[in-house]
Amino acid sequence: MPKGYVIARAKVSNATQWAAYAAKASEAIRQYGGTPIVRGGQMTVGEGEGRARNVVIEFKDFESAKAYVNSPEYAAARKEREGAGEIDIVVVEGV
């Protein structure tokens, strides 16, 4: 069964508030069996529009990744993030 991935690109405008979001999101990631593969770090844009903060989280399968993104635990984390920046999040199936 292919793994599932949550991929996020973010622009943070309030680091303190974003940190509160990240802490709650990390709890939910662990609860749903996710493993962060990429979380910040150096980056360079090869093509198109990039954002400074990039995250890739691996889950055992696509359904688990979707369950995390749609969970009440992650919804609580999202509330912490409101007004702290911009983010795009996608859930994708691996090969």
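Computation of the quantities below employed the complete heavy-atom set of this structure, encompassing side-chain atoms and omitting hydrogens, waters and symmetry-equivalent molecules. Not measured: the values here are computed from a predicted model.
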Among residues at least two apart in sequence or on other chains, which ones pass salt bridge (Lys or Arg N to Asp or Glu O under 4.0 Å) with [X]?
X	answer
K66	E63
E86	R51
R81	none

Subject >> Non-neighbouring partners of R9 that pass side chain to side chain donor-acceptor pair (under 3.5 Å), sequence neighbours left out >> reply: D88
Subject >> Sequence neighbours excluded, every pair satisfying salt bridge (Lys or Arg N to Asp or Glu O under 4.0 Å) that has a member inside residues 21-46 >> reply: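 Non-adjacent pairs meeting salt bridge (Lys or Arg N to Asp or Glu O under 4.0 Å): K24-E80.
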Original post:
If you take all heavy atoms of S13 and G83, which pair is closest and at what distance?
Top reply: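 Reported closest heavy-atom pair: OG-O, 3.9 Å.
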Subject >> Nearest heavy atoms of A65 and G4, plus distance in Å >> reply: CB-C, 4.0 Å
Original post:
Once you round to the nearest 0.5 Å, how far does CG of N54 lie from CE of M43?
Top reply: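 Reported to 0.5 Å precision, the distance equals 5.0 Å.
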Original post:
When Ile, Leu, Val, Met, Phe, Trp and Tyr are grouped by side-chain heavy atoms lying under 4.5 Å apart, directly or through other members, which residues fall in the same group as Y32?
Top reply: V6, V12, W18, Y21, I29, V55, I57, F59, F62, Y68, V69, Y74, I87, I89, V91
